[in-house]
Amino acid sequence: MNNIVSNNQKMSKRRDVLKATGATGLGYMGMSAPAKAFDSEDTTHLGSTVFLQSLVHYEIKNVETNNHIDQISFFIIDQDRDRLHLPVISKEHASLFEDEEGVVATPSLQSTSEKFGIERTTKTLTVQKTAYHKPQITISLDHPIGAPTLGFTHKAGNKVDLETESGKTEVSPGDTTNVQLPSRSIGIADKNRPIDDGGPSRQATPIVTLENHGELDVYATEIRER
């Protein structure tokens with residue numbers, strides 16, 4: 001499949017504790033959770049689920065990339081023990097881990113049974129992401145565009161099919177894939193354009209990243225109303 005930039009890049013060795021920027025349903029958090037939090041009597045077991053991370057970023061030529069997003073929040077994955085720790089989470093998002101076969105951070109949390117991006121538009125595009133699939137640098141558009149639609153289908157062995165307009169791509173536990181979608185025309189806001197760039201019109205190429213962490217036991221330290 002020639003639209004796949006890099007598919008099933010097997011990680012030779014996963015770190016014992018992976019610090020990953022992620023949404024908790026309560027915005028960004030400036031707290032640090034040590035690995036021993038997994039063994040704390042204060043944690044609540046939310047259930048077991050297949051946990052994915054996904055993000056759409058765009059490749060665009062000749063733009064000013066000055067909207068930097070500070071990354072101060074994270075969840076922790078203990079891959080050796082197949083555990084996910086969330087320092088704080090809303091009741092609504094906690095229920096996803098109790099009731100759903102899979103949860104995907106896009107970077108906000110949602111069930112994999114729901115398609116992402118349906119009838120959704122955006123005036124902000126991620127043009128650079130962190131190593132843990134969170135927006136790092138964004139640009140503003142002069143008019144909204146439709147977001148790509150992503151679907152997730154569970155298969156045997158905790159494999160997941162990523163469904164896009166370019167087709168299906170299988171992602172096994174421990175693997176990360178990047179799928180390139182067809183380019184689309186956009187209009188970039190003045191503040192993100194060089195003075196002599198010739199106008200706002202550009203071609204933007206969406207790249208969908210999906211990382212499959214496999215089935216994890218999920219723990220939370222604090223569960224809030226919202």
Taking the ring of Phe51 and the ring of His213, is the distance between their centroids below 6.0 Å? yes

Please report the interatomic distance [atom1]([X]) to [atom2]([Y]), rounded to the nearest 0.5 Å.
X: Ile137; Y: Asn192; atom1: CD1; atom2: CG; value: 11.0 Å
X: Leu162; Y: Thr112; atom1: CG; atom2: OG1; value: 12.0 Å
X: Phe116; Y: Thr164; atom1: CZ; atom2: OG1; value: 13.0 Å
X: Arg224; Y: Glu92; atom1: CZ; atom2: CD; value: 15.5 Å

Do Val208 and Val50 sit in one hydrophobic cluster, given that two such residues count as connected whenever their side-chain heavy atoms are within less than 4.5 Å of each other, even indirectly? yes

Modelled atom types, side-chain donor and acceptor of [X] and [Y], under 3.5 Å:
X: Glu225; Y: Ser90; value: no
X: Thr126; Y: Thr138; value: no
X: Thr106; Y: His133; value: no

Applying salt bridge (Lys or Arg N to Asp or Glu O under 4.0 Å), which residue pairs with at least one partner in residues 146-161 are found, sequence neighbours left out?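 Qualifying pairs, neighbours excluded: Lys155-Asp161, Lys155-Glu170, Lys159-Glu170.
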
Taking ring pair (Phe, Tyr, Trp, His ring centres under 6.0 Å) as the test, write out the residues that go with Phe152, two or more places apart.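 Partners of Phe152 by the ring pair (Phe, Tyr, Trp, His ring centres under 6.0 Å) criterion come out as none, since no residue qualifies.
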
Going by ring pair (Phe, Tyr, Trp, His ring centres under 6.0 Å), name the residues that satisfy it together with His154, two or more places apart in sequence or in a different chain. none

All side chain to side chain donor-acceptor pair (under 3.5 Å) counterparts of Ser111, not counting sequence neighbours: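 For Ser111 the side chain to side chain donor-acceptor pair (under 3.5 Å) partners, ignoring immediate neighbours, are Glu100, Ser113.
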
Decide side chain to side chain contact (heavy atoms under 4.5 Å, CB included) for Gln53 and Phe75; before the verdict, give the C-alpha distance in whole Å, the side-chain angles of both, and the deciding distance to 0.1 Å. CA-CA 12 Å; Gln53 286 179 270; Phe75 50 76; 3.6 Å; yes

Would you say the side-chain atoms of Thr176 pair up with the backbone N or O of Glu211, donor to acceptor, closer than 3.5 Å? no

How would you list, by chain and number, every residue that makes a side-chain contact (heavy atoms from CB on, under 4.5 Å) with Asp190, sequence neighbours excluded? Arg193

Glu165: side-chain contact (heavy atoms from CB on, under 4.5 Å) partners, not counting sequence neighbours: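 By the side-chain contact (heavy atoms from CB on, under 4.5 Å) rule, Glu165 matches Leu181, Pro182, Arg184.
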
